[in-house]
K.L.:
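Starting off with a structure, shown below.
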Amino acid sequence: MDDGDTFRVPPVPLASGRRLPDPDGRAVAAVELVVTTEDGATTRIPLRAEHGAWWPPHPQG
């Protein structure tokens, strides 16, 4: 049951591609979503590479 206070990342691709744009051109190794709260605390959510895009972690449970 969702109490309305849980932060959920939708199951949609959040970024795609394997390389940063030119002139950089380096390969992307990891993507993270950083959530900052009003009090300045941060939570890092590592995304997973799948089907050519970066996705939220698998749901727990």
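All figures in this text were calculated on a predicted structure; none of them were measured in a lab.
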K.L.:
If you look only at pairs with a residue in residues 37-55, which of them pass as a salt bridge (charged side-chain N to carboxylate O under 4.0 Å, His left out), with sequence neighbours excluded?
P.N.:
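Only E32-R44, R48-E50 qualify under salt bridge (charged side-chain N to carboxylate O under 4.0 Å, His left out).
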
K.L.:
side-chain contact (heavy atoms from CB on, under 4.5 Å) between V34 and T43: does it pass, once the steps are laid out?
P.N.:
CA-CA 6 Å; V34 179; T43 299; over 6 Å; no

K.L.:
Measure across L47 and P57 and return the closest heavy-atom pair with its distance rounded to 0.1 Å.
P.N.:
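For L47 versus P57, the nearest heavy atoms are CD2-CD, 4.5 Å.
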
K.L.:
Does some side-chain heavy atom of V35 sit less than 4.5 Å from a side-chain heavy atom of T42?
P.N.:
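T42 does not reach V35 side chain to side chain.
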
